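Worksheet: the structure to be examined is printed underneath.
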Amino acid sequence: MKRIIISLFALAFAGMVVFLSVWGPEELSKYADKAIIGVVHEEDAEGGSEGYRYLLSINEKVYILSKALGSQQVQESELSAKTKNATNVVEYQELAGSYAFLESQKDSGGNRIDESEGYEAANQGLKDLQELGILPESVKEIKEGSYDVVLYSAIDVLEPRNKVLVWKLSLSTNQQNADKKNRLLDAYIDADTGKVYEFYARTTQQWEDIDTDEIARKWSEYMGLEKPTEYENSNPLSETTPYFKQYIFKGMEESNIIMTIGFYEGINELYLKISK
C-alpha cells in the first residue's frame, strides 16, 4: 500500500512539472510585460545631448588659439602677396593650414548663445584685468551700442575635438570719429571661462610707466599658466612699434607660445597678444 502511495505521489509530481513547463513560461512572460509596458523608466546613461567633451588644459587652449589666429594672419598676407602676381593661382588648401578660426553660433554644449553673454563676459574680463593692475581703472565700461561681439571657434582641423570658443570684441566701426581714449579696442575672451587672451586698449599711460614683467606675471597667474620667461631671441622687427617685450611659456607638443606686451606711442595704445 505504501509503495502504491509513493508511486501515485511521484506520478503527480511529474505531471505538475510537465504542466509548469508548458504553462509557466507564458504566464511569467505576461507578468514581466505588465511591469514594463506602459510604464516610464528612468535610467542614467553616458553621452547626453552634449556628447563627450574633451577638456583642454589652459596651455592647450592658448596654443590652439595662437595657431588659429596666426594661421588666419598668414593666409591673409600670403593671399595678398599672391594675388599681386597674376601668374600664380591661389589654392585654398595651400593656404588653409591645419588650424582654422571660424565664426560660430553655438556654445560648447551645442546650444545657441546670445551675444549679450559676450558683452557680459567682456565687462567681467575688463574688471578682472583692472583689479589685477594689468589695465588702468580709467578704461571705460563696455556698452553694447558701441561694440561688436562675435563668437568664434579656434579649431585644430586634424583633431576637431581640440576646439576653443572665444568672443571677439571690437569697437564698432559704425561710429564715425568715435572717441577711443580710455577705451578697450579689441579683445579675445574665452566663452567658457571669461578669461581674456588678448587685448588692445587706449590709456593715458606712457611706455616708461608700464612694468611689462609685472603684467606678464599677473596675466600668467590669472590665466593659470606657469611663470613666463623673457624671450631672448626676440626679433626687434617682429612688431610695428619699438616699444614691446616678449615672453615665452609652454604650449602643446613641446612647443612654446610667445606673449607680446607692446605699446604704440602717440596714441597711447597698450596691447597684449599671443602667438606661435
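Position 1 is the first residue of the sequence, and the numbers go up from there. These numbers come from the heavy atoms of this one structure, side chains and all, not from hydrogens, waters or symmetry mates. Predicted, not measured: the structure shown is a model, and the values here were computed from it.
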List the atom pairs, donor and acceptor, that lie under 3.5 Å between side-chain atoms in residues 223-230 and the rest of the protein, sequence neighbours left out.
| residue | atom | partner | partner atom | Å |
| --- | --- | --- | --- | --- |
| E226 | OE1 | N59 | ND2 | 3.4 |
| E226 | OE2 | K250 | N | 2.8 |

Donor-acceptor contacts under 3.5 Å from residues 129-143 side chains, at least two apart:
| residue | atom | partner | partner atom | Å |
| --- | --- | --- | --- | --- |
| Q130 | NE2 | P136 | O | 3.1 |
| Q130 | NE2 | V139 | O | 2.9 |
| S138 | OG | N182 | OD1 | 3.1 |

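With rounding to the nearest 0.5 Å, the separation of OH in Y247 from CD1 in I258 is 13.5 Å. For the atom pair I248 CD1 and N233 CG, the distance stands at 8.0 Å (nearest 0.5 Å). Note that the CG atom of L184 and the OG atom of S146 stand 12.0 Å from one another [nearest 0.5 Å]. Distance OG/S98 to CD1/I155: 12.0 Å, rounded to 0.5 Å. Residue N235 holds its CG atom at 5.0 Å from CG of L237, rounded to the nearest 0.5 Å. Note that CZ of R183 and OH of Y147 are 4.5 Å apart. Values are rounded to the nearest 0.5 Å.
Residues D213 and K245 are paired through a salt bridge, judged by an N-O separation under 4.0 Å between the basic side chain and the carboxylate. A salt bridge links R217 to E214: at least one charged side-chain nitrogen sits closer than 4.0 Å to a carboxylate oxygen.
Under the 4.5 Å side-chain heavy-atom criterion for grouping Ile, Leu, Val, Met, Phe, Trp and Tyr, L56 is connected to Y222 within one hydrophobic cluster. Side-chain heavy atoms closer than 4.5 Å link hydrophobic residues (I, L, V, M, F, W, Y) into clusters, and following such links, possibly through other members, connects L169 to V150. Under the 4.5 Å side-chain heavy-atom criterion for Ile, Leu, Val, Met, Phe, Trp and Tyr, L165 and I189 are members of the same hydrophobic cluster. Y197 is connected to I113 through a chain of hydrophobic side-chain contacts under 4.5 Å among Ile, Leu, Val, Met, Phe, Trp and Tyr, so both are in one cluster. Both I257 and Y99 sit in one connected hydrophobic cluster of ILVMFWY residues. Membership requires side-chain heavy atoms under 4.5 Å apart, directly or through other members.
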**Asked** Stepwise, does the side chain to side chain contact (heavy atoms under 4.5 Å, CB included) test hold for F101 with V166?
**Response** CA-CA 10 Å; F101 193 67; V166 295; 3.8 Å; yes

**Item:** Residues Y231, T260; criterion side chain to side chain donor-acceptor pair (under 3.5 Å); working and verdict
**Value:** CA-CA 9 Å; Y231 186 38; T260 303; over 6 Å; no

**Asked** Between T212 and W207, does a side chain to side chain contact (heavy atoms under 4.5 Å, CB included) hold up when you go through it step by step?
**Response** CA-CA 9 Å; T212 58; W207 178 242; 3.6 Å; yes

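Taking the side chain as every heavy atom from C-beta outward, Y243 and I210 never approach each other to under 4.5 Å. Proximity of E117 to V149: side-chain heavy atoms (C-beta onward) are nowhere separated by under 4.5 Å. Side-chain contact check for E269 versus K180: every heavy-atom pair is 4.5 Å or farther apart. E115 places none of its side-chain heavy atoms less than 4.5 Å from the side chain of L151. Residues R202 and N268 are not in side-chain contact: their nearest non-hydrogen atoms beyond the backbone lie 4.5 Å or more apart. Under the 4.5 Å side-chain criterion, counting only non-hydrogen atoms from C-beta, L272 is in contact with M259. Proximity of I274 to Y63: side-chain heavy atoms (C-beta onward) are nowhere separated by under 4.5 Å. Under the 4.5 Å side-chain criterion, counting only non-hydrogen atoms from C-beta, I261 is in contact with L270.
Nearest heavy-atom pair across A100 and A68 is O-CB, 3.5 Å. Among all heavy-atom pairs drawn from V196 and G125, the shortest one is CG2-CA, 3.7 Å.
Within a 6.0 Å sphere centred on CD of E232, other residues, nucleotides and ligands contribute 12 heavy atoms or fewer. For E120, the CD atom sits in a loose shell: 12 or fewer heavy atoms of surrounding residues, nucleotides or ligands are nearer than 6.0 Å.
Just one residue in the list Y264, Y188, F199 forms a ring pair (Phe, Tyr, Trp, His ring centres under 6.0 Å) with Y271, and that residue is Y264.
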